[in-house]
2 protein chains.
Amino acid sequence: MTARSSDDKPRNAQTVKALLKLRELILSGELKPGERVPELGIVERLGVSRTPIRLALVRLEEEGLVDCLSTGGFTVCRFDEQDIADAIEVRGTLEGMAARRAAERRPDRAELADIRDCVGSLDALVRRNNPTLDDFSDYIRLNERFHTLLVELAASPVLKRSIDRIQQLPFASPNAFVFVQSELARSREILVIAQEHHRAILEAIEAGEGARAESLAREHSRIARRNLQIALQNQQQMERVPGSPLIRMRKRA
Amino acid sequence: MTARSSDDKPRNAQTVKALLKLRELILSGELKPGERVPELGIVERLGVSRTPIRLALVRLEEEGLVDCLSTGGFTVCRFDEQDIADAIEVRGTLEGMAARRAAERRPDRAELADIRDCVGSLDALVRRNNPTLDDFSDYIRLNERFHTLLVELAASPVLKRSIDRIQQLPFASPNAFVFVQSELARSREILVIAQEHHRAILEAIEAGEGARAESLAREHSRIARRNLQIALQNQQQMERVPGSPLIRMRKRA
DNA sequence: CTGTCGATCATTGTATCCAATAACCGTTCG
DNA sequence: CGAACGGTTATTGGATACAATGATCGACAG
């Protein structure tokens, strides 16, 4: 989609701009859930003609961020707590399948080099007694890398695509709720547990233990579920979840 | 997407036409894997202007049937045997999650009525000693219904959407390989086994046995995997697989 | 013969316009 | 007050035109 020609400017630069900006308007809450996306308003706002905007909206619909109306046009989608939890679980289920497939493939030394390095780096990070904000930043980067490498080890384009697609929902990504950990009194402990999962998943893959790898990867996604529950008790944290304006909070009786 | 106004003609009738026709051209092999989709050629062929065609192509890209080129435009995707097997497995994994979630929800009598009827109808069908072609037709309809109802019982829009998306690949649908069974000498036996799975999945859901339901649903998708293997030995059968022109057959050395 | 360059043509992305239809508002009636 | 209707305005889908760029072909040089 970000089709790039030789000078690195996409051939469809206006469509890319429309897509990025629209996504931003939606995720920031400027375009509110349930409201119609006003094409002409976006035209004025972005300085792009309607055509690329309409192409971008079709893509955003496939991402799950907008729905089309029977009368024409699009509205911004809304998600509730259950949707978030389910998205995390779908990701965990598919990553579980990726871990199992990775183990079943019996990857060789060269294939495992990157993920071993990554787990080693995560280990060194987690071993620090008082994690700084920089440490947390590094953790987020390496965590994402671990998940990416895990999926690549499964060597299945179809599976990767399915995982990428659920992760188009911003709150479904592996790092979506990691920030919650950084604010807990026992934040280091949770890092320790998460890293134990990473390490054990790698170990299971190395040993060709598919069922173990799958179970561990699915349990690993439970950390995000736990963080979701924590964030739900804290409005300020919930506001920091990627895509939070799309999330309808349950009314307090 | 098929946004329909009050008189049942979609407001975007040209875009729908373009989408349906393009999909057909791709799945029938008229637009060949690896080849560029010629917009103007499609304009002439369908009698639709370029705008709806381009909107349809973006949707087909999200379906996985076309890829965009860095130089602009789209090419038809190609899949190999591993992609098919993986698509079936992703579907099975997600349907496994659906079955587990359905069981965990403890649905009441009313919620289970439809799927019970469906399983009952499948039972009556499978009990016949010599299945006719009409029987097979009914089987296909009821089989699809079973899978649809199963996913609905999970009561998760996010999960349903993930399953719908993998099923956009034609060879990943629950019925994609059922025809292979109709041509086997022991075709009734395979129906019996498949129906045992349906029945047991329902039983597990009724009993709230999530792990059992999940395992059964995943094993159930293995029937399609088996039929894939059978079809791979038989060029004529392989040609009848939905989307077969997209599939690159392995060269015989 | 092969590679490079330039010209031409075909294709695609985008902007703009037109027409259809949905939404909104005001008025009237029960 | 609420519902129905009609008129007006706004919005969206589709068609078309224009410009940019990629692909192709022929000529020339090494």
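Chain identifiers are assigned alphabetically (A, B, ...) following the order of the sequence lines, protein sequences preceding nucleic acid strands; residue numbering begins at 1 within each chain.
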Enumerate the protein-to-nucleotides 3-7 of chain D contacts in which both atoms are nitrogen or oxygen and the separation is below 3.5 Å.
none

Quiz prompt | From B:Glu30 atom CD to B:Lys21 atom NZ, the distance as rounded to the nearest 0.5 Å | solution =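 If I round to the nearest 0.5 Å, the distance is 10.0 Å.
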
What is the distance, to the nearest angstrom, from the [atom1] atom on [X] to the [atom2] atom on [N]?
X       : N      : atom1 : atom2 : result
B:Ile53 : D:dA15 : CD1   : C1'   : 11 Å
B:Gln14 : D:dA15 : CD    : C1'   : 10 Å
A:Glu39 : C:dT16 : CD    : P     : 15 Å
A:Arg11 : C:dT14 : CZ    : P     : 9 Å
A:Leu57 : D:dG13 : CG    : C1'   : 13 Å
B:Leu55 : D:dA15 : CG    : C1'   : 13 Å
B:Asn12 : C:dA20 : CG    : C1'   : 13 Å
B:Leu69 : D:dT21 : CG    : C1'   : 14 Å

When you measure from the side-chain N and O atoms of [X] to the phosphate of [N], is any distance below 4.0 Å, counting only OP1 and OP2?
X       : N      : value
A:Ser49 : C:dT14 : no
B:Arg36 : D:dG22 : no
A:Arg54 : D:dG13 : yes
A:Thr15 : C:dT14 : yes

Practice problem: Just do the side chain to side chain contact (heavy atoms under 4.5 Å, CB included) check on A:Ile84 and A:Ile88 with the steps written out, would you? | Solution: CA-CA 6 Å; A:Ile84 308 175; A:Ile88 292 167; 4.1 Å; yes

Quiz item: Do B:Asn143 and B:His198 pass the side chain to side chain contact (heavy atoms under 4.5 Å, CB included) test, and can you show the C-alpha distance, the side-chain angles, and the key distance before you say yes or no?
Solution: CA-CA 9 Å; B:Asn143 186 45; B:His198 292 150; 3.2 Å; yes

Within the side chain of [X], is there an N or O that forms a donor-acceptor pair under 3.5 Å with the backbone of [Y]?
X        : Y        : value
B:Arg165 : A:Glu62  : yes
A:Asp117 : A:Asp114 : no
A:Asp80  : A:Asp83  : yes

Quiz item: Looking only at heavy atoms, what is the nearest atom pair of A:Ala176 and A:Pro170, with distance?
Solution: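 Looks like CB-O, 3.7 Å.
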
Quiz item: If you check the B:Leu40 side chain, which of C:dT12, C:dA15, C:dC17 turns out closest?
Solution: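 For B:Leu40, the side-chain atoms sit closest to C:dT12.
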
Self-check item: Options D:dA15, D:dT12, D:dA23, nucleotide nearest the side-chain atoms of B:Thr71
Solution: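 Nearest to the side-chain atoms of B:Thr71, counting from C-beta on, is D:dA23.
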
Exercise. Tell me, with the steps shown, if A:Arg78 and A:Lys32 meet side chain to side chain contact (heavy atoms under 4.5 Å, CB included).
Key: CA-CA 9 Å; A:Arg78 168 179 278 139; A:Lys32 295 192 191 316; over 6 Å; no

Practice problem: Pick base, sugar-phosphate or nothing for A:Val37, based on heavy-atom distances below 4.0 Å to the nucleic acid. | Solution: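 Sugar-phosphate only.
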
Exercise. Name the orientation class of the two ring planes belonging to B:His220 and B:His147 (parallel below 30°, tilted from 30 to 60°, perpendicular beyond 60°).
Key: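 Plane angle under 30°, so parallel.
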
Quiz item: To the nearest 10 degrees, what angle separates the axes at the start and end of the helix from C:dC1-D:dG30 to C:dG30-D:dC1, five pairs each?
Solution: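 Inter-axis angle at the termini of the helix from C:dC1-D:dG30 to C:dG30-D:dC1: 30°.
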
Quiz item: In this structure, are over 12 heavy atoms from other groups packed under 6.0 Å from A:Glu144 atom CD?
Solution: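 No, the 6.0 Å shell around CD holds no more than 12 heavy atoms from other groups.
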
